[in-house]
Protein chains: 2
Amino acid sequence: MSYTYLHPHPAVTTDIIVFTVQDDVLKVLLIQRLAPPHEGSWALPGGFVEIEESLDACALRELHEETGLEGIYLEQLYTFGEPGRDPRERVISIAYFALVPSDKLVLQPGSDASAVAWYPISALPELAFDHEKITNIACQRLTDKMEYSTIGLMFMSSEFTLSQVQSLYEVISGKPRDKRNFRKWLLSLDAIEETGRKKAEGAYRPAKLYRLKESKIVSNIR
Amino acid sequence: MSYTYLHPHPAVTTDIIVFTVQDDVLKVLLIQRLAPPHEGSWALPGGFVEIEESLDACALRELHEETGLEGIYLEQLYTFGEPGRDPRERVISIAYFALVPSDKLVLQPGSDASAVAWYPISALPELAFDHEKITNIACQRLTDKMEYSTIGLMFMSSEFTLSQVQSLYEVISGKPRDKRNFRKWLLSLDAIEETGRKKAEGAYRPAKLYRLKESKIVSNIR
DNA sequence: ACAAAAGTGTTACGAGTACACCCATGG
DNA sequence: CCATGGGTGTACTCGTAACACTTTTGT
């Protein structure tokens, strides 16, 4: 089966930069390519947009197919379309970024059995295509949005402590925060609420558990 | 001549939302469609991406071809790709927005003789495709960026007075600003400088003329 | 001299920052 | 009773907001 057009058409893909924080390190999800071009090297998950599928749906589908991840926060980032960024044909890629909470880290490599792994953002391997450039722009956007939106909460699992949130923010910004000021700020956002439960983890005082408020997903501050 | 692929490929276009401020009103540039679909109705300028042309270059080319505009500020906005947004075939559109200074308002309708006109954002006609949705998102982005970047200066002509800048900001935000505070803020951005010249326009004190500093094009504040 | 827009400083308020001690729990 | 992280309030600082009069020009 083949498809014919009067004018040349580019191929269209989505690529997804999936962030998480694991062991106090910001990481991105990469898959190892099995087929040329760039066979064997690491790349962002993604793939071709189907002809009757929305862009968002494509990103979600590719992510699910290649990693098993589902129900996570996704946002369009930027569209990359320089001629020559793929050696096979003209490819235009709509890049998305996604945030995975720490309790959904279990990956199921796709049916094509390619390897899937979390890489610390500070120790990325060489990436295929222009994926390094895309990753850099995604990092920039993530750190920007951490400052003026509640996006950081998308990294948290369903129940979490205030100290866990603080640790997350410190990891991503690379700077320590004052505990009292951070809590005052976080609670003033009106985005989380106590669950009433507590988390006892060791030989010390248990912490109150919080959850994201219904309806408050990601909002801008200021 | 025709082009054949193993899998279906969507068509890819750019659409450009061109803003300007004229007579104290925020306006966008529209062109009247001559061909189906939506023949006769108004739409955003734009068109198909050529196979060896970058997305930015496509937006600039289409804008020049259809309106004669050149050398203006352009920025990628968002990519729209819902199936069905164009009745002919699957079309994915990378939307850009552009800002035109008040001294470049002269339009040269494209060679296909379609009408080109500035419409106040508050009195748009019915638009073709999903262009109303795109326009709304562009307006949102514009007003957002006015708050945290120097993008507003892209509306100014090569030489301008501080009062003109203030008037511009008031028109877009819809709110009056304190003259002294506004000037303090504007000058603190370190983005403009005096030309040494003055503008005498009527029976009153002439205003100092300013220009954008070299190298400072658009930067974020905060 | 008057009409019209240009230009200019000081005070007040509020948000954000700095800072140190007591609490609850398990071992 | 001790070790460990959890939890809390106040004082200061700096940036933003409020506010009104003098200057320059053309008629």
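Any value given below was found using the heavy atoms of this structure, including those in side chains, with hydrogens, waters and symmetry copies removed. Lettering follows sequence order; numbering is per chain, from 1.
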Aromatic rings B:Tyr148 and A:Tyr148: how do their planes relate, parallel, tilted or perpendicular, breaks at 30° and 60°? parallel

Can the ring centres of A:Tyr169 and A:Trp185 be said to be less than 6.0 Å apart? yes

Among C:dA18, D:dT23, D:dC19, which is the nearest nucleotide to the side chain of B:Asn181? D:dC19

Ignoring hydrogens and angles, state whether a donor on the side chain of A:Gln140 or A:Asn136 is under 3.5 Å from an acceptor on the partner side chain. no

Taking for each residue the nucleotide of DNA chain D bearing the nearest heavy atom, is the 5' side occupied by A:Tyr210 or by A:Lys184? A:Tyr210

From C:dA6, D:dC19, C:dT10, pick the nucleotide closest to the side chain of B:Asp178? D:dC19

With distance as the sole criterion, do the side chain of B:Lys208 and the base of D:dT24 form a donor-acceptor contact below 3.5 Å? no

Quickly work out the B:Glu147 CD to D:dT16 P distance and round it to whole Å. 13 Å

Nearest whole Å is fine: how far is D:dG9 P from A:Lys179 NZ? 13 Å

May I ask you to say what A:Thr161 touches in the nucleic acid, namely base, sugar-phosphate or nothing, with a heavy-atom cut-off under 4.0 Å? nothing

Among D:dG9, C:dT10, C:dG26, which nucleotide sits nearest the side chain of A:Ala203? C:dG26

Rounded off to whole Å, could you give me the CD-to-C1' distance for the B:Glu194 and C:dG7 pair? 11 Å

When rounded to the nearest 0.5 angstrom, what is the spacing between CD1 in A:Ile137 and CD1 in A:Ile17? 9.0 Å

Using whole Å, what does the distance between atom P of nucleotide D:dG7 and atom CZ of A:Phe182 come to? 13 Å

Is a side-chain donor-acceptor pair under 3.5 Å present for B:Arg177 with B:Ser167? no

Kindly say whether, by distance alone, the side chain of A:Lys175 makes a donor-acceptor pair under 3.5 Å with the base of C:dT17? no

In whole Å, what is the span from the NZ atom of A:Lys198 to the C1' atom of C:dT25? 10 Å

For B:Arg197 and C:dA6, what is the distance between atoms CZ and C1' respectively, to the nearest whole Å? 18 Å

A:Tyr204 OH - D:dC1 P separation (whole Å): 24 Å

Measure CG/B:Leu162 against P/C:dT8 and give the value in whole Å, please. 9 Å

Heavy atoms from C-beta onward define the side chain here; which of C:dT8, D:dT8, C:dT25 lies closest to that of A:Arg183? D:dT8

With respect to the phosphate group of D:dG5, does any side-chain polar atom (N or O) of A:Ser163 fall under 4.0 Å of OP1 or OP2? no

Among C:dA20, D:dT25, C:dA24, the one nearest any side-chain atom of B:Pro206 is D:dT25

